[in-house]
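These numbers come from a predicted model, not from an experiment.
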Amino acid sequence: MTTPKEEKVPDRRRSSVRAIDPPDKWFGVRHLQCIFLALLLCIGYGMRVNLSVGIVAMTDPTINPGFKTYDWHDESIILSSFFWGYILPQVVAGQVSKNYGARWFLVGTMTGCSLFTALIPVMADLGSWGVMICRIVQGFTQGFFYPCVHTMLTKWAPLPERSRLGAFVFAGGPLGSVIAMPLTGWISGSSYGWPFAFYLYGLLGFVWAVGFSIFGSNSPSETETITPEEKLYIETSLGVKTEHSERMPTPWKAIFTSLPVWAILATHCAQNWGFWTLLTEMPTYMKNVLNFDIKANGLLSACPYFTMWVMSFIFSGFTDYIINKDCVSIGTGRKIANSIGLYIPAAALILLGTLDSGVNMTGMVISLLIIAVGSNAAHMCGYQVNHLDLSPTHAGTLMGITNGFSNIFSILGPLLVHYVVVDKHDPNQWKLVFLIAGGIYIFGNTFYVLFGSGDIQPWDTCEAYDDDDDIEKNEKSADKS
């Protein structure tokens, strides 16, 4: 076998480490795994947000008189109940996926989430608490998604492609919102009725679980269909022998006293507050303040998230380019991306909160929402993949910690709307919501810029390769195979 050409790329532990060019094949097993992970988040986000649009039809008898409606006045609480279950399994999910592999945990949790998505129309007859039970179980099962996805990416995303593959996977979430919002709006106003939207997403989840049980894999070392060239490229560019990570203990004290971890946590909290406030409450805002009907509501609510999905590819390509070309360090590249992803949305939301009321500003409002959400895509190649930079070994656990705690803010954001926006038709009450979200964005990213890092941390305990000689031994071993 001919050894591919080697070149110098930046590395976290040393000033540089030799990496090899990617295989000639444009599509590899790593891409297939990332497609499945992107679809996981796409369908999962669809399950999260379709109730944000569907609940409008479930509580308004004028939208589709042929289907049941309910007299509920706690919509914000119903929507936020998803996160009551979501925050519980995060750290455990990171640990079990590191120790036992993420594949079957993702299959099992997606199956459970699909079942309780399909049960929402049945449980709604029991009252709003019935829907809350379904949402809590949905949240609990989806609490495994991000920690397991991070564990998978530590095995499948080569360093030169980390921003692009990571952003591609994480962009599955906004894409799921783009699809679910107008689709649920259209279904809710059609002869199919709002219950069909939940049955459809339940079915899609079951199909994904079957597909991933067949084609999914925990790591290159467990995959028979991967070529030796692709396996060598992935493992060498990561700089670690990934199958050893399962035997490494978790350095809890070092993690919780690490300032770069706290920096990720701060910006993760800020991101979740702003993102989920907009995602869950935008349909209600558009209906009551901008006076859009249910079908237009779903389509216009999805426009910002379509922009976010498109921009994720631009930002991730740019971030990988400036890092791989040694224009900036990994840490600086993450901070630049994260600043775009949080400061620009903050400016748009603050401007949105200072617009004069009483004037028809529909076009301006929609434009600012699109700017706020679209530019937010840059965070996917900022803090969102920074867990992998700090500790490839414990990235799933780190995601579990920051995602679990930060989703308390995913609950608090919509709950603030419940208590602040007493009159849903009053634009001035909504302005306060936007101003608070903008301020939290600014604080979170400023903390990240000051204390974040792109360097692998000493407590990663990754001892598979202590020096360049070990890398050469691995390359020779792979060549012989």
Asks: Hey, can you tell me if His379 and Tyr383 have their rings parallel, tilted or perpendicular (30° and 60° cut-offs)?
Replies: parallel
Asks: Give a yes-or-no answer on whether the side chains of Tyr86 and Asn403 include a donor-acceptor pair shorter than 3.5 Å.
Replies: yes
Asks: So, using side chain to side chain donor-acceptor pair (under 3.5 Å) as the criterion, who are the partners of Tyr146 when residues are at least two apart?
Replies: Tyr45
Asks: Report, one line per pair, each donor and acceptor closer than 3.5 Å where one atom sits in a side chain of residues 196-210; sequence neighbours left out.
Replies:
{"residue": "Trp208", "atom": "NE1", "partner": "Phe36", "partner atom": "O", "Å": "2.9"}

Asks: Are side-chain N/O atoms of Glu222 and Ser217 paired as donor and acceptor at under 3.5 Å?
Replies: no
Asks: Please list all pairs passing the salt bridge (Lys or Arg N to Asp or Glu O under 4.0 Å) test where one or both residues lie in residues 304-320, with sequence neighbours left out.
Replies: Arg164-Asp320
Asks: Quick check against the 3.5 Å criterion: does Gln429 have a side-chain atom that pairs as donor or acceptor with the backbone of Asp423?
Replies: yes
Asks: What pairs of residues pass the salt bridge (Lys or Arg N to Asp or Glu O under 4.0 Å) test when at least one of them lies in residues 368-377, not counting sequence neighbours?
Replies: none
Asks: Not counting sequence neighbours, which residues clear ring-ring contact (aromatic ring centres under 6.0 Å, His included) with Trp273? List them please.
Replies: none
Asks: Applying side chain to side chain donor-acceptor pair (under 3.5 Å), name anything that partners Glu230, two or more places apart in sequence or on another chain.
Replies: Arg30
Asks: Kindly state each residue pair satisfying side-chain hydrogen bond (donor to acceptor under 3.5 Å, both in side chains) with at least one member in residues 102-122, sequence neighbours excluded.
Replies: Thr117-Gln138
Asks: What side-chain hydrogen bond (donor to acceptor under 3.5 Å, both in side chains) pairs are there with at least one residue in residues 118-128, not counting sequence neighbours?
Replies: Lys68-Asp125, Tyr70-Asp125, Asp74-Ser128
Asks: Sort and list the pairs that fulfil salt bridge (Lys or Arg N to Asp or Glu O under 4.0 Å) and have at least one residue in residues 181-209, not counting sequence neighbours.
Replies: none
Asks: Do any N or O atoms from the side chain of Gln90 and from the backbone of Phe144 form a donor-acceptor pair under 3.5 angstrom?
Replies: no
Asks: Can you pull the side-chain hydrogen bond (donor to acceptor under 3.5 Å, both in side chains) pairs that have at least one residue in residues 335-347, sequence neighbours excluded?
Replies: Thr267-Asn338, Asn338-Asn445, Ser339-Asn445, Tyr343-Thr446
Asks: Sequence neighbours excluded, which residues qualify as side chain to side chain donor-acceptor pair (under 3.5 Å) partners of Gln271?
Replies: Asn376
Asks: Excluding sequence neighbours, so at least two apart, what forms side chain to side chain donor-acceptor pair (under 3.5 Å) with Tyr448?
Replies: Asn386
